[in-house]
Visitor: 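My questions will all concern the structure given below.
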Number of protein chains: 2
Amino acid sequence: MPDAKHAIKRAVPLRKTPQKRTSALIIDLGVLSERLGYFIRRTQLWVFQDFIRRLSSLDLSPAEFSVLVVIGANTGLSQSELATTLGIERARLVRLLHRLEKRGLTQRLPSSADGRRHALRLTADGQKILARAKMLAAQHEAALKEKLGAERHRLLLESLRAF
Amino acid sequence: MPDAKHAIKRAVPLRKTPQKRTSALIIDLGVLSERLGYFIRRTQLWVFQDFIRRLSSLDLSPAEFSVLVVIGANTGLSQSELATTLGIERARLVRLLHRLEKRGLTQRLPSSADGRRHALRLTADGQKILARAKMLAAQHEAALKEKLGAERHRLLLESLRAF
DNA sequence: TATTGTTATACTCTATAACTATA
DNA sequence: TATAGTTATAGAGTATAACAATA
């Protein structure tokens with residue numbers, strides 16, 4: 001966490017004269033400590049920061065990674081299908097694909113069956129980058145598993161997947 | 001989720017002529033189904049959306065709620081302490097407090113001990129709004145607990161709090 | 001009429017840097 | 001020098017609305 005543990009800390013960070021402040025209170029999260037949403041948010045921020053750091057050499061955001069993964073696993077799908085699957089706005093996907101296409105990682109081909117649709121696919125470069133990204137993402141996941149413990153990691157994945 | 005279940009769905013949503021598309025593929029999440037970060041993100045979005053909906057009558061965002069809770073539980077704390085506790089930028093907290101102060105919910109008083117600091121506190125109105133917000137947030141939490149099951153809810157809270 | 005991809009707009013969040021006043 | 005609060009800016013993410021082409 002950035003940082004759940006550190007967040008709950010001395011109000012007076014032990015500077016030269018800590019007795020200066022009248023009340024050296026410990027900061028209390030109050031009812032937040034019973035709110036799952038608060039901890040989910042903190043955890044999500046930590047996980048994304050770690051993911052971004054580990055994939056920085058490929059310059060891929062979590063959103064871009066998820067787009068490449070789903071196109072790679074479903075060659076020929078449409079933008080609407082992809083947007084719905086990932087729960088992102090169609091409008092945002094357009095900009096994401098513009099950038100990925102400009103980098104030469106993805107292509108939009110005309111759909112043979114429906115003139116309105118684009119059939120999405122990875123380029124050869126896109127496949128290469130995705131393969132490397134998957135390895136880095138697996139390292140990220142391993143670090144997460146070590147931090148949580150294998151059993152907790154399994155429980156979390158199972159619980160949230162079913163949600 | 002908006003919607004994890006619905007996200008994994010038919011590529012061709014059973015329109016009039018589903019046989020039009022050459023391949024009626026089921027959209028596959030690929031390696032994303034093994035990525036905890038993906039599901040944490042999806043869950044966090046669902047939880048925030050539910051929270052925002054339930055507190056819409058008070059016009060309080062999750063961030064504003066957390067600010068009120070922590071000020072209420074630590075009267076007199078400084079902006080830096082609050083920002084560090086919640087893991088938000090000092091600069092962003094300034095704008096959050098501007099709005100809350102303009103709504104008459106919070107106050108920034110000069111700190112007696114340190115001329116640079118502000119001592120934060122809730123107004124009487126702020127305390128009233130916070131009390132109502134806490135009730136709505138408890139209802140949100142109850143809904144979440146029902147959706148997850150009490151045991152899973154407990155496990156998640158424990159795991160993420162320790163993270 | 002409805003859907004797909006697109007553009008445009010606005011608002012929030014995040015990440016910085018720089019400034020002031022105080023220490 | 002360093003810290004607390006502030007302002008400003010730029011980049012993402014989110015939420016809409018509207019449009020052209022197609023169904």
Side-chain angles (χ1 to χ4, degrees), chain A residues 2 11-21 41-42 44-46 48-49 51-53 56 59-64 66-67 76-84 86-99 101 106-120, chain B residues 2 11-21 41-42 44-46 48-49 52-53 56 59-64 66-67 76-99 101 106-120:
Chain A
V12 182
L14 299 175
R15 242 171 278 109
K16 317 128 200 175
T17 51
Q19 55 276 43
K20 234 351 186 2
R21 293 253 298 143
R41 175 64 175 157
R42 298 295 303 240
Q44 188 252 308
L45 288 175
W46 188 94
F48 266 41
Q49 276 173 16
F51 187 95
I52 290 166
R53 191 172 53 76
S56 60
D59 192 26
L60 278 186
S61 70
E64 290 166 339
S66 67
V67 164
L77 89 168
S78 72
Q79 294 182 200
S80 282
E81 288 164 354
L82 179 53
T84 303
L86 292 177
I88 60 184
E89 294 292 322
R90 278 181 334 213
R92 198 191 151 212
L93 182 57
V94 171
R95 288 193 300 272
L96 279 169
L97 288 174
H98 272 326
R99 235 187 336 193
E101 199 164 320
T106 60
Q107 284 182 321
R108 278 175 275 205
L109 305 177
S111 167
S112 50
D114 188 330
R116 297 169 302 181
R117 299 190 168 211
H118 291 164
L120 301 175
Chain B
V12 181
L14 300 176
R15 243 172 277 107
K16 316 128 200 174
T17 51
Q19 55 275 43
K20 231 358 186 354
R21 294 252 298 144
R41 175 65 175 157
R42 298 294 303 237
Q44 187 251 311
L45 288 175
W46 188 94
F48 266 41
Q49 277 173 16
I52 290 166
R53 193 173 51 77
S56 61
D59 192 25
L60 278 185
S61 71
E64 290 166 339
S66 68
V67 164
L77 88 169
S78 72
Q79 293 182 201
S80 282
E81 289 164 352
L82 179 53
T84 303
T85 299
L86 292 176
I88 60 185
E89 293 293 323
R90 277 177 330 189
R92 197 191 152 210
L93 182 57
V94 170
R95 290 192 300 272
L96 278 169
L97 288 174
H98 273 326
R99 240 191 329 197
E101 200 164 318
T106 59
Q107 284 182 321
R108 278 176 274 204
L109 306 176
S111 167
S112 50
D114 188 331
R116 297 171 300 182
R117 297 190 170 213
H118 290 165
L120 302 175

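Throughout, a chain's letter reflects where its sequence line sits, starting with A, and its residues are numbered from 1.
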Visitor: Below the 4.0 Å mark, does C:dC11 have OP1 or OP2 next to a side-chain nitrogen or oxygen of B:Arg95?
Guide: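 Negative; the distance criterion is not met.
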Visitor: Please report the distance, rounded to the nearest Å, between CG in A:Asp59 and P in D:dA12.
Guide: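 These atoms are roughly 9 Å apart.
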Visitor: Tell me: CG of A:Leu96 to C1' of D:dT14, nearest whole Å?
Guide: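 Distance check: A:Leu96 CG to D:dT14 C1' gives 12 Å.
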Visitor: Identify which nucleotide among C:dT16, C:dT6, C:dT14 has an atom closest to any side-chain atom of A:His118, counting heavy atoms from C-beta outward.
Guide: C:dT6
Visitor: By nearest heavy atom, map A:Gly115 and A:Arg99 onto DNA chain D; which one lands nearer the 5' end?
Guide: A:Arg99
Visitor: Please walk me through it: do B:Arg95 and B:Glu89 pass side chain to side chain contact (heavy atoms under 4.5 Å, CB included)?
Guide: CA-CA 10 Å; B:Arg95 290 192 300 272; B:Glu89 293 293 323; over 6 Å; no
Visitor: In whole Å, I'd like the distance from the CD atom of B:Glu89 to the P atom of C:dA17.
Guide: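 Roughly 11 Å, once rounded to whole Å.
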Visitor: Give the rounded distance in Å between these two atoms: CG of A:Leu77 and C1' of C:dT4.
Guide: 13 Å
Visitor: Does the A:Gln49 side chain pair with the main chain of A:Trp46, one donor and one acceptor, at a distance under 3.5 Å?
Guide: no
Visitor: Using a cut-off of strictly less than 4.0 Å, decide whether A:Arg92 has a side-chain nitrogen or oxygen near OP1 or OP2 of C:dG5.
Guide: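 For C:dG5, OP1/OP2 do not have a side-chain N/O of A:Arg92 under 4.0 Å.
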Visitor: Can you measure A:Phe48 atom CZ to D:dA12 atom P for me and round it to whole angstrom units?
Guide: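 To the nearest whole Å, that distance equals 15 Å.
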Visitor: In whole angstrom, give the distance that lies between atom CD1 of A:Ile52 and atom P of C:dT14.
Guide: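 It works out to 11 Å between those atoms.
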Visitor: My understanding is that only one of A:Leu86, A:Ile88, A:Leu82 makes a side chain to side chain contact (heavy atoms under 4.5 Å, CB included) with A:Leu96; could you say which?
Guide: A:Ile88
Visitor: When the nearest nucleotide of DNA chain D is assigned to A:Ser61 and to B:Ser80 on a heavy-atom basis, which residue is associated with the more 5' position?
Guide: B:Ser80
Visitor: Give the intermediate values and the outcome of side chain to side chain contact (heavy atoms under 4.5 Å, CB included) for residues A:Leu120 and A:Leu97.
Guide: CA-CA 10 Å; A:Leu120 301 175; A:Leu97 288 174; 4.0 Å; yes
Visitor: What verdict does the side chain to side chain contact (heavy atoms under 4.5 Å, CB included) test give for A:Glu64 and A:Arg99, after you've listed the backbone C-alpha separation in whole Å, the side-chain angles of each residue and the deciding distance to 0.1 Å?
Guide: CA-CA 9 Å; A:Glu64 290 166 339; A:Arg99 235 187 336 193; 3.4 Å; yes
Visitor: What heavy-atom pair brings B:Arg117 and B:Ser78 nearest, and what distance separates the two atoms?
Guide: NH1-OG, 3.6 Å
Visitor: Kindly point out which of D:dT22, C:dT14, D:dG5 is positioned nearest to the side chain of A:Asp114?
Guide: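 Of D:dT22, C:dT14, D:dG5, D:dT22 is nearest to the side chain of A:Asp114.
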Visitor: May I have the distance from A:Glu64 (atom CD) to D:dA12 (atom P), rounded to whole angstrom?
Guide: 9 Å
Visitor: Taking 4.0 Å as the cut-off, does a side-chain nitrogen or oxygen of A:Arg108 come that near to OP1 or OP2 on C:dT6?
Guide: yes
Visitor: Measuring from the side chain of A:Arg90 (C-beta onward, heavy atoms only), which nucleotide among D:dA18, D:dA12, C:dA15 has the closest atom?
Guide: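 Nearest to the side chain of A:Arg90 among the choices is D:dA18.
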Visitor: Mind checking if A:Gln79 touches a base, just sugar-phosphate, or nothing, with heavy atoms under 4.0 Å?
Guide: sugar-phosphate
Visitor: Report yes or no: is there a donor-acceptor pair, N or O only, under 3.5 Å between the side chain of A:Arg116 and the base of C:dT3?
Guide: yes
Visitor: Check every atom of D:dG5, C:dA15, C:dT4 against the side chain of A:Arg117 and return the nucleotide holding the closest atom.
Guide: C:dT4
Visitor: Tell me whether the side-chain N/O atoms of B:His98 come closer than 4.0 Å to OP1 or OP2 in D:dT7.
Guide: yes
Visitor: Checking all strands, does A:Ala91 fall into the base, sugar-phosphate, or nothing category for heavy-atom contacts under 4.0 angstrom?
Guide: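 Base, at least one base heavy atom under 4.0 Å.
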Visitor: Could you tell me whether the phosphate oxygens of C:dT14, OP1 or OP2, come under 4.0 Å of any side-chain nitrogen or oxygen in A:Gln49?
Guide: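 For C:dT14, neither OP1 nor OP2 has a side-chain N or O of A:Gln49 closer than 4.0 Å.
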Visitor: Whole angstrom is fine here: how far is it from CZ in A:Arg53 over to C1' in C:dT14?
Guide: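 Nearest whole value for this atom pair: 18 Å.
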